[in-house]
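Working notes, beginning with the structure itself.
One-based numbering along the sequence shown.
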Amino acid sequence: MQLNNILHKNYTLAQEFYQLKLPLDIDSIIPDNDSVRLLSQFVEEMDLSKLYSTYFRIRKNSATPRQMLKIMLYAYMNRKYSARDIEIACHRDINFMFLLEGLPAPDHATIARFRTLHFAPFAKEMLAEMSDLLYALGEISGKNIFIDGTKIESCANKYTFVWKKAVTKNLAKLLSKLADFVADCEEQYGIKVVYQNQVSLHHLKRLRKKLYRIKKEENITFVHGIGKRKSPLRKSIEQLEAHLEKLKEYTQKLYKCGSRNSYSKTDLDATFMRMKEDAMLNGQLKPTYNLQHGVDAQYITWLTTGPEPTDTTTLIPFLKDMESHLSFKYQNIVADSGYESEENYLFIEENSQIAFIKPANYEISKTRRYKTDISRRENMTYDEKEDIYLCKAGKRLTVTGLKRSKSKTGYVSEKTQYTCEDCSRCEFKKQCIKGNNSKIPLEERTKRLEVSKIFQKKRSEDLERILTEEGCKLRMNRSIQAEGSFANIKGDMSFRRYLCRGKKNVLAESILVAMAHNINKLDHKIQNGSTGTYLFELKKEA
């Protein structure tokens with residue numbers, strides 16, 4: 001071999017040490033029980049007509065939408081999320097070549113476009129198609145759904161936050177400054193803009209028009225450069241333009257925030273939240289999305305993403321969205337204490353479903369301190385006929401009014417107010433009336449309670465259900481299956497940060513991860529012979 005052959009672009013010129021060997025067929029190299037075969041067969045059974053509808057035409061000698069979906073899912077199954085990593089794998093990995101069926105490997109731009117332009121518009125339909133197929137195979141029960149949430153960091157930069165509270169505060173200062181500025185301009189130039197002592201954007205635009213009219217009528221020319229002094233009119237116009245620009249900036253920021261408290265400048269749909277994975281241990285806020293999983297038989301049958309920092313307000317939209325896409329309806333809704341609310345209880349009941357939600361006070365109610373706290377309503381005697389509470393001293397707390405409160409979602413709850421008839425000279429007053437920060441002296445204060453009768457009734461009914469054998473079994477499975485899905489995605493699949501920006505692309509990426517998780521779980525169950533099992537059994541005491 002000549003040494004100069006190494007310097008040629010065609011590297012096969014130096015390939016004298018290797019001999020072509022059989023087999024040349026990739027199919028014969030891949031093991032029969034490899035998960036890539038299961039993935040290929042599963043995707044072939046799916047209806048991908050909506051995915052194909054996103055294409056104007058499919059080029060010859062290029063990967064079809066079905067093959068692109070197989071490639072994406074298999075890449076996510078093997079912890080490859082970057083488009084460039086997937087492109088490299090298509091060139092080097094025989095499993096990816098098997099899915100391409102002899103076609104050339106797509107480049108990273110084609111892979112990225114498929115994820116955002118073709119898969120994202122119908123991502124929910126693809127997940128629903130997979131869940132319906134698993135239901136038809138008998139792999140999911142369609143009866144019990146285990147719901148839980150977690151926060152996953154956005155692709156946005158860390159220090160690009162915009163706080164709604166700060167913008168509102170600065171806007172109020174600007175409006176106050178504008179009122180003084182408009183008054184000074186009216187006095188200085190002898191014009192009238194504001195008539196009801198309320199400055200609005202319309203008044204500012206009218207003032208700008210009048211100032212420019214004065215400039216034109218008096219033939220004033222603005223000069224620039226060192227040593228040129230600005231005229232008072234020019235100073236007023238420049239100050240007004242700066243104020244208008246700031247007002248426009250604050251208005252746009254408030255519009256982008258909407259009902260949220262913050263957003264990121266580099267990902268407008270990301271909201272800053274506290275995360276459990278805090279390396280600095282200082283409670284640092286990061287731009288994240290709240291990911292909600294609905295798990296059945298260890299498969300993720302539905303999911304949603306949103307900007308809500310808490311799980312309470314996510315349950316109803318999750319159930320509505322799931323019901324509108326899946327071909328079956330779940331009967332039992334199993335969730336942890338973060339989802340408990342009066343609105344959620346009533347919605348589940350009106351939707352002909354059964355709630356197995358752990359009450360927020362379930363754990364603390366088992367402690368001795370809780371049971372001996374005489375200030376709590378639960379430790380007082382309630383007379384249902386007279387609708388009164390009796391405290392430890394035997395004094396009556398009677399109904400004194402009704403209080404209505406409106407939640408962020410618009411739900412109106414009604415609370416009954418109870419007040420003690422006479423709290424003076426009570427030996428238990430210090431233990432019964434809490435609140436050391438009150439400005440009213442303890443001697444002048446009276447014991448009061450606010451009770452939502454509907455909420456307490458639904459909570460007691462739910463508590464009875466979760467304490468049954470079925471309830472204990474479902475709660476145990478929720479902790480194993482719902483939280484286990486996040487452990488698998490974050491731990492085994494190492495998916496802790498989104499690569500795409502925007503809620504539409506983030507949802508598509510979450511669904512790709514969930515579908516990959518489902519194929520891995522199906523492969524694991526088939527190999528272990530545990531298909532068709534839905535719940536883990538309770539351990540019985542010997």
Side-chain angles (χ1 to χ4, degrees), residues 141-149 292 294-296 310-320 322-323 329-367 370-371 373 375-390 397 399 402-418 449-482 534-535 538:
S141 66
K143 180 181 179 182
N144 307 309
I145 182 76
F146 307 103
I147 301 175
D148 202 359
Q292 299 288 316
V295 183
D296 180 9
T310 57
D311 295 333
T312 310
T313 57
T314 63
L315 182 61
I316 294 177
F318 181 92
L319 295 177
K320 287 181 178 179
M322 178 176 64
E323 189 174 345
K329 183 178 179 180
Y330 282 101
Q331 179 184 359
N332 299 329
I333 310 300
V334 189
D336 65 356
S337 58
Y339 296 86
E340 188 193 29
S341 71
E342 180 181 327
E343 183 182 7
N344 292 344
Y345 278 137
L346 293 177
F347 176 83
I348 293 174
E349 184 178 359
E350 293 169 359
N351 203 31
S352 302
Q353 294 172 314
I354 303 174
F356 287 86
I357 301 176
K358 184 179 177 180
N361 65 341
Y362 178 74
E363 295 296 336
I364 194 174
S365 64
K366 296 185 289 186
T367 62
Y370 184 94
K371 294 177 181 179
D373 189 354
S375 66
R376 295 187 176 275
R377 175 195 59 82
E378 293 83 358
N379 296 327
M380 295 182 184
T381 305
Y382 177 66
D383 190 338
E384 188 174 357
K385 292 183 179 179
E386 297 186 27
D387 194 13
I388 62 170
Y389 281 92
L390 296 176
L397 280 78
V399 178
L402 293 174
K403 179 183 177 181
R404 291 180 176 85
S405 58
K406 193 174 184 179
S407 65
K408 292 182 180 180
T409 58
Y411 176 77
V412 179
S413 61
E414 188 178 86
K415 294 183 179 180
T416 306
Q417 295 178 323
Y418 295 86
L449 294 175
E450 289 185 358
V451 182
S452 174
K453 294 184 178 180
I454 297 176
F455 176 69
Q456 295 302 330
K457 179 183 177 183
K458 299 304 175 186
R459 171 182 271 187
S460 61
E461 293 174 354
D462 178 70
L463 183 61
E464 291 181 6
R465 283 194 295 269
I466 69 170
L467 291 178
T468 61
E469 184 177 353
E470 180 189 12
C472 294
K473 185 176 180 180
L474 291 177
R475 283 193 293 124
M476 181 197 70
N477 276 271
R478 187 210 65 80
S479 63
I480 295 174
Q481 298 194 28
Y534 308 131
L535 298 174
L538 286 170

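When all heavy atoms of Asn361 and Ile364 are compared, the pair lying nearest together is O-CG2, 3.5 Å. Of all heavy-atom pairs spanning Ala482 and Asp148, the tightest one is CB-CB, 3.7 Å. For the pair Glu343 and Ser407, the tightest heavy-atom approach, listed with the atom from each and the gap, is OE1-OG, 4.0 Å. What you find for Thr468 and Glu464 is that their closest heavy atoms are CG2-O, 3.2 Å. Closest heavy-atom contact between Arg478 and Val334: CB-CG1, 3.9 Å. When every heavy atom of Gly338 is checked against every heavy atom of Thr312, the shortest pair comes out as O-OG1, 2.9 Å.
Between the OG1 atom in Thr416 and the CG atom in Leu402 there is a gap of 5.0 Å [rounded to 0.5 Å]. In this structure, the separation between CG on Leu474 and CG on Leu538 is 9.0 Å, given to the nearest 0.5 Å. The structure places CD of Gln292 at 10.5 Å from CG of Leu319, a figure rounded to the nearest 0.5 Å. Atoms OH and OG1, on Tyr339 and Thr310 in that order, are 10.0 Å from each other to the nearest 0.5 Å. Note that NZ of Lys358 and CG of Leu463 are 11.5 Å apart. Values are rounded to the nearest 0.5 Å. In this structure, Leu397 CG and Arg377 CZ are separated by 12.0 Å, a value rounded to the nearest 0.5 Å.
Using a 4.5 Å heavy-atom threshold, the side chains of Asp311 and Ile147 count as separate. Here the side chains of Phe146 and Leu535 are in contact, with some heavy-atom distance below 4.5 Å. Residues Ile316 and Thr409 are not in side-chain contact: their nearest non-hydrogen atoms beyond the backbone lie 4.5 Å or more apart. For the pair Asn144 and Asn477, the minimum side-chain heavy-atom distance is 4.5 Å or more. Contact annotation: the side chain of Glu469 never approaches that of Cys472 to less than 4.5 Å [non-hydrogen atoms, C-beta and beyond]. Put simply, the side chain of Leu315 does not reach to within 4.5 Å of the side chain of Phe347, judged on heavy atoms. Side-chain contact between Leu390 and Ile388 is present, with heavy atoms from C-beta onward closer than 4.5 Å.
Within a 6.0 Å radius of NZ in Lys366, other residues, nucleotides and ligands contribute more than 12 heavy atoms. Within 6.0 Å of atom NZ in Lys415, 12 or fewer heavy atoms from other residues, nucleotides or ligands are found, so the atom counts as exposed in its surroundings. Within 6.0 Å of atom NZ in Lys403, 12 or fewer heavy atoms from other residues, nucleotides or ligands are found, so the atom counts as exposed in its surroundings. Annotation: Lys329, atom NZ; neighbour count of heavy atoms from other residues, nucleotides and ligands within 6.0 Å is above 12.
The main-chain N or O of Gly142 is found under 3.5 Å from a side-chain atom of Asp296 such that the two form a donor-acceptor pair. Looking only at distances, a side-chain donor or acceptor of Asn379 sits under 3.5 Å from a matching main-chain atom of Tyr370. Side chain of Asn344 to main chain of Glu340: no donor-acceptor pair is present (N/O by atom type, distance under 3.5 Å, no hydrogens or angles).
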Intermediate values then yes/no, side-chain hydrogen bond (donor to acceptor under 3.5 Å, both in side chains), Glu378 and Ser365: CA-CA 9 Å; Glu378 293 83 358; Ser365 64; over 6 Å; no

Test side chain to side chain contact (heavy atoms under 4.5 Å, CB included) applied to Leu467 and Tyr362, step by step: CA-CA 11 Å; Leu467 291 178; Tyr362 178 74; 3.5 Å; yes

Full working for side chain to side chain contact (heavy atoms under 4.5 Å, CB included) between Phe356 and Glu470: CA-CA 10 Å; Phe356 287 86; Glu470 180 189 12; 4.2 Å; yes

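Using a 4.0 Å cut-off between charged nitrogen and carboxylate oxygen, Arg459 and Asp462 do not count as a salt-bridge pair. Contact check on Lys458 versus Glu342 returns no salt bridge, with no Lys/Arg side-chain nitrogen under 4.0 Å from an Asp/Glu carboxylate oxygen.
Below 30°, between 30° and 60°, or above 60°: for Tyr418 and Tyr382 the angle between ring planes is above 60°, a perpendicular geometry.
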